[in-house]
Amino acid sequence: MRLRTTALLGFALAGALHGTAPLAAQDLRVIRAGSFINADGQLQAEALLILERGNIKQVGGTAPAGATVDEYPGAVVAPGLIDIHAQLGAVDNLAERQAALQPAATAADAFDRYHAHLAAALRAGVTTFVLAPDDSNIVGGTAVICQTAGPEGKPALLNARGPLKLSLSPTAFQTRREPTSRSGALGMLRDALAAARKSSGVDGLAVLRGSPVPALITAPSAADVLALLELSKEFEFKFVPLHTADARALAGELRGAVPGVVVGPLNFTSPPRLTTAAGVLEEAGVPVAIQGGLPQQAADSLRTAAAIAARDGLSLPAARRAISTVPAALLGLGERLGRIDAGLQADLVVFSGDPLDLRSHVLAVYVGGRRVWMSHH
Amino acid sequence: MHARTTAALARAGRRQAWPFGLLLALAFGAPAAAQMRSYLITNGTVLVGDGTRIESGDVQFSGGEISAVGKELKGQLLTKKINAKGKFVTPGLIDVWSSVALRSGGGDAKATGRAIDAFDRFADDELNAALHSGVTTAFIPARSGRALGGFGSVVRLTPGASRADVLLKEEAGYCSALGDNAGEGPIGRAKALRELSKQFQAAKDYRQALEDYDEELKEYEKKLKEFLEKEAGKDGKREGESKPADGEKKEERKDDRKKDAGRKGEAPPSDGGRAEDKKDEKKPEGPKKPEAPAKDRVSEALLKLIEGEQLWRVEAARPADIQNALDIAKAFNLALVFDGARGAHTLAKLIADREIPVVLAAPDAGLLYTGGPERYEDPHAVAILKDAGVRVFLASGAAASRHLPLLAAQAVGQGFTPDEALQRLTADAASLLGVDKQVGKLAKGLSADIVIWSDHPFAPGARVERVFVAGREVYRASDQKDE
């Protein structure tokens with residue numbers, strides 16, 4: 001009896017001590033590679049990143065003695081890719097279509113962390129994505145920000161309070177319930193915003209006003225965007241348009257009026273007016289984020305879309321930022337994700353070359369400083 | 001006054017005539033001069049197209065043809081020099097399967113149409129978009145979705161050119177689409193396959209019928225000759241027995257006899273003479289002329305495949321269709337090329353053993369399982385096929401030729417070397433399409449289809465700066481100034 005108690009006490013003590021052990025050099029991890037993508041989206045030579053407790057401690061300098069060094073000669077370290085609008089693992093589960101206004105709904109309830117597509121996205125370098133309600137409702141609900149590999153190495157929610165998702169897409173105009181047309185939709189939206197302004201609720205619409213995180217709104221045509229600009233001024237909220245077919249035509253008007261525009265999904269059959277939109281927006285001074293087409297398109301659709309936009313006018317640094325820095329900023333996570341800089345979370349993807357170079361492929365993925373996947377090539 | 005004015009005008013006219021005449025000469029002469037214009041591109045990284053690379057290389061061309069490729073070439077008089085320092089110079093890229101400027105159709109109801117008839121050579125936007133990506137030549141299929149589609153054509157992508165200038169090869173392959181009819185089910189597919197086999201067999205029978213007809217025709221002609229000779233001989237013999245003069249004489253004698261008889265009071269001789277008897281005799285029938293087989297244009301088209309004159313380009317929707325195509329090709333000894341064979345990677349070894357080239361476009365592969373033939377798509381199809389030893393080509397397929405360099409870059413990520421991938425878009429593509437005497441390489445005597453890039457075509461930031469087709473500048477990026 002005594003022996004057992006002693007043994008138990010001994011184990012407990014050992015466990016307690018282990019948890020409070022001081023930080024040793026071996027808790028640091030160092031990545032050394034050919035080059036990395038800096039905060040401006042440029043390729044910078046001599047990548048040496050020191051990671052500590054899940055964050056990037058230092059960029060550049062020398063590796064501390066005794067630290068584990070992961071070597072990737074000739075490779076490029078990029079910030080973990082962020083897909084600002086995806087339906088990974090939750091297609092067809094992302095809307096309650098009975099009523100077009102669902103401000104209290106949240107995509108968190110549809111998040112399936114065991115879905116195989118999440119692993120496929122991770123292997124393609126996507127470390128963070130926004131799971132957003134789809135376009136069936138005018139006010140779809142709150143989108144959630146997810147990681148394809150969380151602290152336990154499994155997919156996890158990063159932030160359940162993501163941007164609000166709205167939609168003026170024709171799929172929201174249904175015959176069985178309101179609205180059935182765009183004018184009906186705008187009317188409903190206006191009424192809902194007015195009601196939310198008066199109420200003291202805490203649902204998505206109520207907190208929209210003055211929120212630092214802009215709403216994501218599907219606005220297929222220029223007219224939708226202009227109508228939303230009016231509403232946003234009247235009800236004092238910020239928004240980011242998605243899926244705008246005529247984004248090019250609006251470039252001048254959008255500058256300064258929206259915190260950014262989401263371009264995509266793009267693939268090899270997208271028409272020029274979509275693939276050249278990103279370049280035109282950049283020239284007009286509008287921040288551009290690019291979304292992939294997950295899961296309807298292939299796992300690497302995010303970086304293929306960026307490469308296509310880069311071929312058709314978007315500058316290379318802006319294209320690299322469009323799948324990392326800009327989405328992070330639009331989600332209000334600019335101080336935590338999306339850049340390789342001291343103090344930010346160590347979500348990193350090591351590519352065999354420039355991520356915009358379709359000849360390159362993913363070598364390794366780190367989330368929160370841990371290597372969660374490595375290629376076997 | 002009228003006369004004076006006219007005279008004055010005439011004098012004035014003569015004074016102004018010669019500058020006007022000069023202007024006319026220049027106006028007409030200038031385009032002709034531009035055609036004949038000679039260019040010399042200097043100091044670029046020249047990628048010849050067959051794997052050779054020339055650092056600080058020069059390319060000279062005039063009159064539509066490349067005259068020299070090498071280093072330190074000397075320009076001729078009136079040669080326009082283009083400094084390509086820091087740039088890459090390649091042959092115009094060739095898209096071996098593209099829908100650029102292709103309007104619906106491309107095959108008429110009788111399945112003997114030509115894709116060139118559906119090619120809209122006035123679609124400047126699409127053509128310029130292709131030139132913007134460095135693509136100067138394309139094979140456009142007769143896309144019909146049917147088992148017998150029609151002939152695909154090889155075209156030059158030159159905005160505003162005449163049909164003759166655009167057409168590089170009118171019949172460059174016979175196109176079939178197998179299994180495209182969704183919802184047919186397995187029975188429908190089996191039926192379609194049997195129909196197709198029957199068509200090919202009918203073509204062979206038609207050939208046999210034509211050959212038989214030829215034989216019969218020769219026989220007939222021989223017999224006819226003999227018959228005519230025999231007839232002529234017979235007539236000659238009869239004539240020998242009773243020559244016309246004798247016959248007349250005989251008639252005279254008959255008449256004389258009649259007269260004599262009449263004078264004498266006797267009845268005229270009763271026999272009408274052997275001549276009448278001979279007239280009543282039946283004429284012998286000549287040999288019967290054989291009937292030609294009815295003209296069968298579909299069989300004529302398919303015979304070009306059977307006789308190896310044309311490639312058989314098959315779009316197969318799924319592995320079962322691929323196997324069907326392989327079987328038919330084997331049975332009729334056809335030169336098969338797969339265009340976008342979905343699921344070909346599952347039959348990679350079989351295709352490699354039969355040495356059949358496979359042309360792949362960008363995979364349609366999403367992560368979602370759809371249950372349709374899309375489930376056979378695989379983003380690694382290129383790698384799997386290449387590893388098995390299949391000759392893989394990269395093309396645009398149902399898209400216009402706007403992203404060919406990106407597709408090729410993706411292929412490099414899947415196991416091609418950059419040189420191999422570029423070669424597939426130039427020299428190898430030209431060989432496949434049978435136009436390697438005209439395009440596909442930067443070599444003396446070939447058409448001056450040349451592209452100048454700001455960087456290696458597969459590098460992320462590479463931009464096409466200038467494009468020449470047949471020695472004429474057809475595209476220039478907006479930021480390129482004249483030197």
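For clarity, every value in this text was computed on a predicted model and none was experimentally measured. Chain A is the first sequence line, chain B the second, and so forth, proteins listed ahead of strands; every chain is numbered from 1.
- Heavy-atom distances place both the backbone and the side chain of A462(B) under 4.5 Å from chain A.
- With 3.5 Å as the limit, one finds no donor-acceptor pair spanning the side chains of R311(A) and S133(B).
- Both the backbone and the side chain of I308(A) come within contact range of chain B, judged by heavy atoms closer than 4.5 Å.
- A distance of 8.0 Å separates CZ in R402(B) from OG in S270(A), rounded to the nearest 0.5 Å.
- The NE2 atom of H361(A) sits 11.0 Å away from atom CD of Q414(B), with the distance rounded to the nearest 0.5 Å.
- Residue L406(B) holds its CG atom at 5.5 Å from CZ of F268(A), rounded to the nearest 0.5 Å.
- Note that the CG atom of D357(A) and the CZ atom of F458(B) stand 10.5 Å from one another [nearest 0.5 Å].
- When heavy atoms are compared at a cutoff of 4.5 Å, A120(A) approaches chain B solely by way of its side chain, counted from C-beta outward.
- L316(A) touches chain B through its side chain: at least one heavy atom from C-beta onward sits under 4.5 Å away, while N, CA, C and O do not.
- Heavy atoms of other residues, nucleotides or ligands lying less than 6.0 angstrom from CD of E46(A) number 12 at most.
- Residue contact with chain B, scored on non-hydrogen atoms closer than 4.5 Å, is absent for S301(A).
- Within the 4.5 angstrom heavy-atom criterion, only side-chain atoms of T304(A), from C-beta onward, approach chain B.
- Remark: E283(A) CD is loosely packed, at most 12 non-hydrogen atoms of other residues, nucleotides or ligands lying under 6.0 Å away.
- For chain B, the nearby part of P271(A) is the backbone; its heavy atoms alone come within less than 4.5 Å.
- Heavy atoms of A459(B) lying under 4.5 Å from chain A belong to its backbone as well as its side chain.
- Applying the side-chain contact (heavy atoms from CB on, under 4.5 Å) test between H403(B) and each of N267(A), L358(A), D312(A), T269(A) identifies D312(A) as the sole match.
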